[in-house]
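Each remark here refers to the structure printed beneath this line.
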Amino acid sequence: MDKKINLSESQMPTHWYNLMADLPKPMQPALHPGTKQPLGPSDLAPLFPMSLIEQEVSTQRWIEIPEAVQKVYRIWRPTPLIRATGLEAALETPAEIWFKWEGVSPAGSHKPNTAVPQAYYNAKEGIRRITTETGAGQWGCSMAYASAQFGLSCTVYMVKVSYNQKPYRAAMMRAYGAECIPSPSDRTASGRAALEADPDTNGSLGNAISEAVEDALNDPTAHYALGSVLNHVLIHQSVVGLEARKQFEIAGRWPDVLVGCCGGGSNFAGFTFPFLPEKLDGSKKIRLVGVEPAACPTLTRGKMAYDFGDTAGFTPLMRMYTLGSHFMPPGFHAGGLRYHGMAPMVSAAVEQGLAEAIAVPQLETFAAGLLFAKVEGIMPAPESCHALRAAIMEAERCKREGKKEVIAFNLTGHGHMDMSAYNAYLDGKLSNNHYDEAALVESLKHLPEVK
Ligand SMILES: *Cc1c(COP(=O)(O)O)cnc(C)c1O
């Protein structure tokens with residue numbers, strides 16, 4: 001048995017998969033933030049190109065990957081599916097552990113899988129500049145990279161605390177020709193309002209989204225891009241799971257458990273949803289496990305409700321698991337995945353019983369990352385360590401139960417730029433404190449009212 005399964009470029013998927021075609025119960029529509037009526041394509045036109053708006057509401061099962069996008073994908077795709085034999089041995093588990101390795105992309109994560117098509121469709125429809133936000137900087141780097149591929153300018157609002165803590169991510173965006181601005185900034189009304197409320201604010205993803213959206217709305221040649229949550233993003237990420245399916249077929253395996261970490265939900269959806277048709281028609285069994293940080297427990301402790309995607313209330317209302325759009329994870333949390341909401345399609349999959357969710361404390365995730373680095377050599381991103389930790393828990397269960405299950409997780413990125421978080425862990429500076437229950441109750445009180 002080979003250590004890793006590689007596909008040739010000619011085996012790369014030519015179409016993305018859209019779970020919307022197969023969801024047993026259709027999803028509730030997104031609502032206009034002002035009228036609270038279902039959103040029409042014209043409501044989204046100031047922000048997104050028509051081809052992405054069409055994908056956003058599409059119920060078509062297969063969506064063609066444009067040749068120009070495939071051409072850029074081929075720089076790093078197909079990515080390998082690797083068997084974590086070193087980890088299996090270290091855990092003395094009878095289970096097989098596999099991972100899909102997305103850290104080989106130019107930006108070092110799965111995010112270019114959607115940044116590239118988003119840049120392509122915008123450029124094709126005549127847009128000159130992309131505005132976006134970024135938390136830790138992975139998405140900003142991916143969008144900066146993709147914009148450069150299609151001759152677009154790119155403005156990235158980066159959450160201030162990360163901007164200060166991760167100067168190399170900002171430097172990478174600059175290297176790709178993008179402008180990276182710490183958020184909140186004085187460039188936008190929503191940024192100025194946040195600074196007025198608290199001049200020393202760390203910033204939040206929700207507020208950075210408000211700034212990027214506002215910037216795009218004020219410039220007719222600019223559009224906004226989002227790195228997760230939205231249906232079209234999840235659709236683009238399906239390239240990961242479609243490749244993995246083919247690779248498991250070559251390995252003569254069908255996985256028992258698929259694990260992915262959940263920030264906004266895009267990598268989890270992209271990796272796991274292409275395996276759902278067989279689960280839905282009952283021909284095969286498979287468990288899908290989404291993993292989130294205990295400090296930001298959207299799926300496991302949030303509420304399924306209509307909520308805004310940002311703090312200022314510019315974005316459409318989406319029905320999703322949410323902690324409330326003003327929820328801020330505690331400052332000690334170093335593992336990423338800090339978004340208050342969850343992709344409506346992932347939320348629907350969990351609500352309809354197609355996927356499970358668990359929350360893991362951060363100390364266990366960093367310990368898992370260090371074990372993996374020692375036995376497999378790859379330094380995982382702290383976000384990916386959530387999936388890794390859950391895969392280890394599944395392998396330990398298999399050991400207790402004497403089961404030879406096939407476990408697979410999505411290794412979404414490398415952690416080369418996150419070594420200060422590993423240092424903080426090794427220096428004993430991180431703790432396992434969970435989110436603040438009182439703050440969560442307060443945050444959920446302010447969910448917008450929808451009839
Ligand atoms: C952004 C990111 C995530 C989480 O985002 P999703 O949209 O939930 O996939 C996970 N891993 C890495 C490495 C990331 O950069």
Side-chain angles (χ1 to χ4, degrees), residues 79 99-115 118 132-145 156 158-159 162 166 169 172-173 205 208-209 225-241 258-273 288-293 296-299 309 320-321 329 333-347 349-350 355 357 359-360 365 368-369 372 378-390 409-418 421:
T79 65
F99 61 96
K100 184 73 168 152
W101 180 212
E102 289 296 307
V104 292
S105 81
S109 77
H110 66 289
K111 290 194 168 81
N113 295 332
T114 183
Q118 289 195 50
T132 194
E133 73 292 327
T134 195
Q138 294 269 26
W139 171 245
C141 285
S142 303
M143 204 58 241
Y145 157 70
V156 183
M158 182 169 185
V159 177
S162 305
K166 307 196 171 192
R169 282 265 162 70
M172 200 167 156
M173 291 174 226
L205 209 49
I209 294 175
L226 190 64
S228 188
V229 179
L230 298 181
N231 298 335
H232 66 264
V233 178
L234 274 58
I235 289 169
H236 300 157
Q237 291 294 350
S238 70
V239 68
V240 178
L258 295 177
V259 186
C261 63
C262 290
S266 74
N267 89 82
F268 173 69
F271 178 54
T272 64
F273 286 178
L288 276 45
V289 182
V291 192
E292 55 190 13
C296 191
T298 314
L299 286 168
M320 59 184 177
Y321 283 98
H333 173 64
L337 311 174
R338 308 168 68 99
Y339 189 57
H340 70 270
M342 188 56 62
M345 220 190 310
V346 169
S347 297
V350 170
V360 292
T365 64
F372 193 78
I378 292 172
M379 202 71 235
E383 293 88 347
S384 320
C385 289
H386 291 76
L388 168 62
R389 171 63 191 146
F409 70 98
N410 197 12
L411 187 49
T412 47
H414 67 65
H416 297 180
M417 296 220 198
D418 306 287

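Order of appearance sets the numbers: ligands from 1, and atoms from 1 within every ligand.
Residues passing the side-chain hydrogen bond (donor to acceptor under 3.5 Å, both in side chains) test with T114, sequence neighbours excluded: Q118, H236. Under the side-chain hydrogen bond (donor to acceptor under 3.5 Å, both in side chains) criterion, H232 pairs with E56, not counting sequence neighbours. K100 is linked by a side-chain hydrogen bond (donor to acceptor under 3.5 Å, both in side chains) to T79, E243, Q247, counting only residues two or more places apart in sequence or in another chain.
A side-chain donor-acceptor contact under 3.5 Å links Q237 and N113.
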Show the distances, to 0.1 Å, for all pairs joining an N/O atom of ligand 1 and a protein N/O atom that are shorter than 3.5 Å, listing one pair per line.
residue  : atom   : partner : partner atom : Å
ligand 1 : 7 (O)  : S228    : OG           : 2.4
ligand 1 : 7 (O)  : S266    : N            : 3.1
ligand 1 : 7 (O)  : S266    : OG           : 2.8
ligand 1 : 8 (O)  : G263    : N            : 2.7
ligand 1 : 8 (O)  : G264    : N            : 3.0
ligand 1 : 8 (O)  : G265    : N            : 2.9
ligand 1 : 9 (O)  : H110    : NE2          : 3.0
ligand 1 : 9 (O)  : S266    : OG           : 3.2
ligand 1 : 9 (O)  : N267    : N            : 2.8
ligand 1 : 9 (O)  : N267    : ND2          : 2.7
ligand 1 : 11 (N) : T412    : OG1          : 2.7
ligand 1 : 15 (O) : K111    : NZ           : 2.6

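Residues C262 and M342 come closest through the heavy atom pair CB-CE, 3.6 Å.
Between the side chain of S142 and the backbone N or O of K111, no donor-acceptor pair lies under 3.5 Å.
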